[in-house]
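What follows is a short report on a single structure.
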Amino acid sequence: MEWMDKLLYPLQWVVAWILAIFHEIFTAIGLPAANGWTWVLSIAGLTLVIRAILIPLFVYQIKSQRKMQLLQPEIQRLQAKYKGKKDQYSRQAMAEEQMSLFRDNKTSPWASCLPLLVQMPIFFSLFRVIHNMPDVASGKIDAIGGFTQTLAQQAEQSSVFGISLSATFMSDGFGVKLLTGVLIVIMASTMFVTQKQMMAKNMSESAMANPMMQSQKMLLYVMPLVFGIGGIYFPLGVLFYWLVSNTWTMCQQAVVIHNMPAPGSKAEKEMLERKARKGKAVQQPEVKGGTDTAVEQAPNQSRQRQQPVSKNRKKNKKR
């Protein structure tokens, strides 16, 4: 794994420094330097910093998802246009028209995967920092950023319920397997609930019927399964990172779905009902490519036809 250490060393350096800074903050307010919960709080601090940095990417993700919902009529029109055409030219033409539609509206069907993909290098960097912790503590390898030999020794001495932060499900001991197993189940469950919440409440029926959604439905089950199986090799400290990160995602998404639901979704209907009770109107964003701008009006609001005004009446009004 030396090649991974070399490739991710700049990120490992940053991750190690953030951990060291949070550890120093928590020890400065009186927490024991060699206590496992001090290090868990430091990992939680690292997670919150990373997720705060990723907020602009999350906003882009939400906007892209909303645009994808509004583009469903256009996508269905393209599918109907090329229905039954199996030749390579037709498939290529349909793909090019779809990509042009996405490009004109500055969206992508894979935008929902961006936050997870960006987090992966950070995750592996934290994994390597904790994995190398015993070697840094013993002096076998040099310090990683602010993660000095002294800090590594303190981290090695620390434990949570008697379990080292570098321990994995594969380590010896029933207590290790119990704690890491519980965290793995929670990690996979929160990931599943977050994705399920998005599909159940924040997607329209037309979007769910789109063939492109089949890949998203597969990810609903595949990703928690992959992380659940892979979790047996994750150090305890990394499991705490994913627990905090998934909890952040779940809460953040719940707030966004409540306040900025996708067009045509169950969450939007609930929001429109709340707006209607308050007498407010909701306007949807405009989509390029042939679809009209969708505008929701409050129940008491009516459209009146403007009557033509003669020239004489106009002159009288000016006087």
Side-chain angles (χ1 to χ4, degrees), residues 1-16 18-19 36-37 39-47 50-51 54 113 115-138 140-141 144-145 147 151-195 218-250:
M1 300 292 283
E2 291 184 4
W3 64 271
M4 183 178 289
D5 282 334
K6 291 180 180 178
L7 183 65
L8 295 177
Y9 185 79
L11 266 179
Q12 289 184 44
W13 189 88
V14 173
V15 166
I18 296 175
L19 276 176
W37 291 108
W39 283 102
V40 169
L41 288 174
S42 300
I43 293 171
L46 164 70
T47 312
I50 298 301
R51 294 313 305 264
L54 292 179
C113 301
L116 179 62
L117 292 176
V118 172
Q119 278 194 87
M120 294 308 294
I122 300 166
F123 158 73
F124 283 116
S125 297
L126 177 62
F127 178 92
R128 295 305 297 171
V129 168
I130 295 178
H131 178 78
N132 291 329
M133 190 166 62
D135 291 336
V136 176
S138 64
K140 187 176 179 180
I141 63 175
I144 306 173
F147 203 71
L151 280 179
Q153 289 172 348
Q154 291 174 348
E156 274 290 278
Q157 294 168 9
S158 67
S159 62
V160 177
F161 300 121
I163 300 168
S164 171
L165 292 174
S166 58
T168 69
F169 183 85
M170 305 302 290
S171 303
D172 296 330
F174 175 75
V176 175
K177 296 186 185 302
L178 178 62
L179 179 58
T180 54
V182 169
L183 290 177
I184 289 169
V185 170
I186 294 174
M187 177 185 69
S189 299
T190 51
M191 186 173 290
F192 177 83
V193 169
T194 301
Q195 295 181 71
M218 287 180 61
L219 287 176
L220 174 65
Y221 298 97
V222 171
M223 292 304 294
L225 184 63
V226 168
F227 276 86
I229 296 173
I232 64 176
Y233 301 103
F234 296 168
L236 182 61
V238 174
L239 291 176
F240 277 116
Y241 170 87
W242 274 115
L243 178 62
V244 177
S245 181
N246 287 358
T247 303
W248 171 295
T249 301
M250 192 164 57

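Residue numbers count from 1 along this sequence. As the structure is a computational prediction, the values presented were derived from the model and not from experiment. No hydrogens, no waters, no symmetry mates; every other heavy atom, side chains included, goes into these values.
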Check [X] against [Y] and note the closest heavy-atom contact, atom names and distance.
| X | Y | result |
| --- | --- | --- |
| S125 | L11 | OG-CB, 3.2 Å |
| L243 | T247 | O-OG1, 2.7 Å |
| A155 | S158 | O-OG, 2.6 Å |
| S166 | M133 | CB-CE, 3.8 Å |
| A44 | V244 | CB-CG2, 4.1 Å |
| S164 | S159 | N-CB, 4.3 Å |

I'd like to check [X] versus [Y] (side-chain heavy atoms, cut-off strictly below 4.5 Å). Are they in contact?
| X | Y | result |
| --- | --- | --- |
| F234 | F227 | yes |
| T168 | Y233 | no |
| E156 | V136 | no |
| I144 | R128 | no |
| L46 | I50 | yes |
| L236 | I130 | no |

Sort out for me which residue in L126, N132, I122 forms a side chain to side chain contact (heavy atoms under 4.5 Å, CB included) with Q12.
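So, applying the side chain to side chain contact (heavy atoms under 4.5 Å, CB included) to Q12 and each of L126, N132, I122, only N132 qualifies.
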Give, for atom [atom1] of [X] and atom [atom2] of [Y], the distance between the pair rounded to the nearest 0.5 Å.
| X | Y | atom1 | atom2 | result |
| --- | --- | --- | --- | --- |
| K177 | S171 | NZ | OG | 7.5 Å |
| I18 | T47 | CD1 | OG1 | 10.0 Å |
| F169 | L179 | CZ | CG | 11.5 Å |

Can you label the angle between the F127 ring and the H131 ring as parallel, tilted or perpendicular, going by 30° and 60°?
parallel
Within the distance-only criterion (no hydrogens, no angle test), does the side chain of S245 pair as donor or acceptor with the backbone N or O of Y241 below 3.5 angstrom?
no
Side chains of residues 184-194: which donor-acceptor pairs under 3.5 Å do they make with residues two or more places apart or in other chains?
{"from": "S189", "atom 1": "OG", "to": "V185", "atom 2": "O", "distance (Å)": "2.7"}
{"from": "T190", "atom 1": "OG1", "to": "I186", "atom 2": "O", "distance (Å)": "3.0"}
{"from": "T190", "atom 1": "OG1", "to": "M187", "atom 2": "O", "distance (Å)": "2.9"}
{"from": "T190", "atom 1": "OG1", "to": "N246", "atom 2": "ND2", "distance (Å)": "3.2"}
{"from": "T194", "atom 1": "OG1", "to": "T190", "atom 2": "O", "distance (Å)": "2.7"}

Using the benzene-type ring in the case of Trp, are the ring centres of F240 and W39 under 6.0 Å apart?
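Centroid distance F240-W39: not below 6.0 Å, so no.
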